[in-house]
Every structure is written in structure tokens, then in C-alpha cells.
Amino acid sequence: MFKKILVAADGSDHAKVAVDTAADLAQQSGAELHVVHVPEVQMTAIAVGASAVEVPVNEEETERAAQEVLTAAKAQADEAGAKVTSSELRHGDPALAILDRAKEVGADLLVMGRRGRGPLQGLLLGSVSQKLSAHADSAVLTVK
Ligand code: ATP
Ligand code: MG
């Protein structure tokens with residue numbers, strides 16, 4: 001059975017299903033559950049003359065939103081009865097940062113959603129999911 005499960009949370013409904021699944025698995029098998037979130041630069045529209053342009057949301061706001069995503073994911077896993085051993089923010093390229101964290105905790109299972117917060121309709125698998133499936137050292141569970 002799995003002993004150390006890492007779940008990647010990005011605040012999307014897809015990832016919420018992944019957190020529930022990971023928490024259930026951890027709870028049933030007595031595994032440690034580790035939660036990781038990597039803030040992604042968020043854009044917002046500002047008015048410039050008669051039109052609008054997209055600019056990055058300031059760093060503080062991004063960090064605050066990221067902390068909220070992490071806190072919510074941890075609370076969700078706690079509620080499902082999992083033993084949440086760590087919940088951490090990591091920075092950089094999301095897939096690489098998640099893979100690094102998986103190595104650090106010695107995860108034997110990585111759980112994630114098939115899609116995330118990305119805006120592209122119709123994609124079956126997001127780019128982070130694809131990279132994690134391809135490069136993880138552990139087993140990977142991609143939750144629909
Ligand atoms: P894309 O980002 O390529 O536009 P997408 O957002 O729909 O597409 P992914 O980003 O691959 O899809 O998200 C799939 C899953 O990967 C999410 O449900 C979540 O489990 C995990 N994930 C994605 N981004 C992050 C992140 N920044 N931090 C933690 N987990 C993430
Ligand atoms: Mg994404």
C-alpha cells in the first residue's frame with residue numbers, strides 16, 4: 001500500500017476532487033498526506049484609455065491567494081479524516097516544483113486532477129498533468 005501520498009492542489013474543482021480522492025486513500029491506508037500548491041501568475045484587466053489590457057496581479061495578492069488555496073485544500077483533507085503531514089507552497093514552474101516536492105517527501109503516489117484552472121476548453125489533460133504523468137518517479141493517479 002502507499003505510505004506517502006502527495007496531492008497537487010491548484011484551487012480548481014478538478015483539484016478538489018483530487019484532494020478528496022487522495023484524502024480517502026490516505027485515510028484508508030494510514031498513509032501520510034502531503035499537500036502542495038504552486039502559485040501561478042494571475043492576470044487582471046485594467047482600463048487603458050478606451051480599451052483594457054491584461055497585467056499581472058501584484059505579488060502580494062498572488063501570494064495571499066496561494067495561501068488561501070493551500071489552506072482550503074488542507075482543511076478539505078483534514079475534514080476527510082486524512083493525516084495531513086505537510087502543506088506547502090512551492091515556487092517556480094508548477095510541474096517542476098511539484099516533482100521536486102514529491103522527491104523531498106519521498107512520495108510513492110502523486111495525485112492530481114486531469115484539468116486545472118487553465119482557460120482552454122476542450123483539453124482532455126492539462127499541461128501540468130501531462131508533465132507530472134511523464135516525469136514522476138512514483139505512481140501517478142490522475143482523477144477525473
Ligand atoms: P493548463 O495549466 O495547461 O492551461 P489546466 O490548468 O486545465 O491546463 P493542469 O494545470 O495540468 O490543467 O492541472 C491539472 C492538475 O494538476 C490540477 O487539477 C492540479 O491537481 C495540478 N496542478 C496544476 N497546476 C498546479 C499548481 N500550480 N499547483 C499545484 N497543483 C497544480
Ligand atoms: Mg493549469
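Counting convention: from 1, in listed order, for ligands and their atoms alike. Counting begins at 1 with the first residue of the sequence.
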Treating Ile, Leu, Val, Met, Phe, Trp and Tyr as nodes and any side-chain heavy-atom pair under 4.5 angstrom as an edge, say whether Leu33 and Val105 lie in one connected cluster. no

Atom 17 (C) of ligand 1: of Arg115, Met112, Arg117, the nearest heavy atom sits on Arg115

Based purely on interatomic distance, does Glu40 place a nitrogen or oxygen under 3.5 Å from a nitrogen or oxygen of ligand 1? yes

Lys/Arg N to Asp/Glu carboxylate O, Lys74 vs Glu79, below 4.0 Å: no

Is Val111 close to ligand 1, meaning an N/O of one under 3.5 Å from an N/O of the other? no

Quick test: of every protein heavy atom, which one is nearest to atom 26 (C) of ligand 1, and how far off is it to 0.1 Å? Val38 O, 3.6 Å

How does Ile98 reach ligand 1, by side chain, by backbone, by both or by neither, if only non-hydrogen atoms under 4.0 Å count? side chain

CD on Gln67 to OG1 on Thr62, rounded to 0.5 Å: 13.0 Å

Which atom pair, heavy atoms only, marks the closest approach of Val69 to Ala9? CG1-O, 4.0 Å

State the atoms of ligand 1, each with its element, that fall below the 4.0 Å cut-off from a heavy-atom position in His37. 28 (N), 29 (C)

Using a 4.0 Å heavy-atom cut-off, say whether Pro39 meets ligand 1 through its side chain, its backbone, both or neither. neither

Nearest neighbour of atom 10 (O) of ligand 1 from the list Asp10, Val128, Leu89, on a heavy-atom basis: Val128

Protein heavy-atom partner closest to atom 1 (P) of ligand 1 - residue, atom, separation in Å: Ser127 OG, 3.7 Å

Near Ala9, which atoms of ligand 1 are under 4.0 Å from a heavy atom of that residue? 28 (N), 29 (C), 30 (N)

Should one rank Ser129, Ser133, Gly126 by closest heavy-atom distance to atom 8 (O) of ligand 1, which comes out on top? Gly126

Is the shortest side-chain N to carboxylate O distance from Glu68 to Arg64 below 4.0 Å? yes

At a 4.0 Å cut-off, with the gap strictly under it, does some heavy atom of Ala18 reach an atom of ligand 1? no

Which atoms form the tightest heavy-atom contact between Met112 and Ser129, and what is the distance? CE-O, 3.7 Å

Any nitrogen or oxygen of Gly118 lying under 3.5 Å from a nitrogen or oxygen in ligand 1? Just yes or no. yes

So the atoms of ligand 1 within less than 4.0 Å of a heavy atom of Val36 turn out to be 29 (C)

Residue from Asp20, Val35, Val7, Thr71 passing side-chain contact (heavy atoms from CB on, under 4.5 Å) with Gln76: Asp20

Based purely on interatomic distance, does Leu123 place a nitrogen or oxygen under 3.5 Å from a nitrogen or oxygen of ligand 1? no

Is any side-chain heavy atom of Leu89 closer than 4.5 Å to a side-chain heavy atom of Val36? no

Which heavy atom of Arg115 sits nearest to which heavy atom of His14, and what is that distance? O-CB, 2.9 Å

Does Leu120 have a heavy atom less than 4.0 Å from any atom of ligand 1? no

Under 3.5 Å: N/O of Gly116 near N/O of ligand 1: yes

Salt-bridge contact Arg101-Glu88 (side-chain N to carboxylate O under 4.0 Å): yes

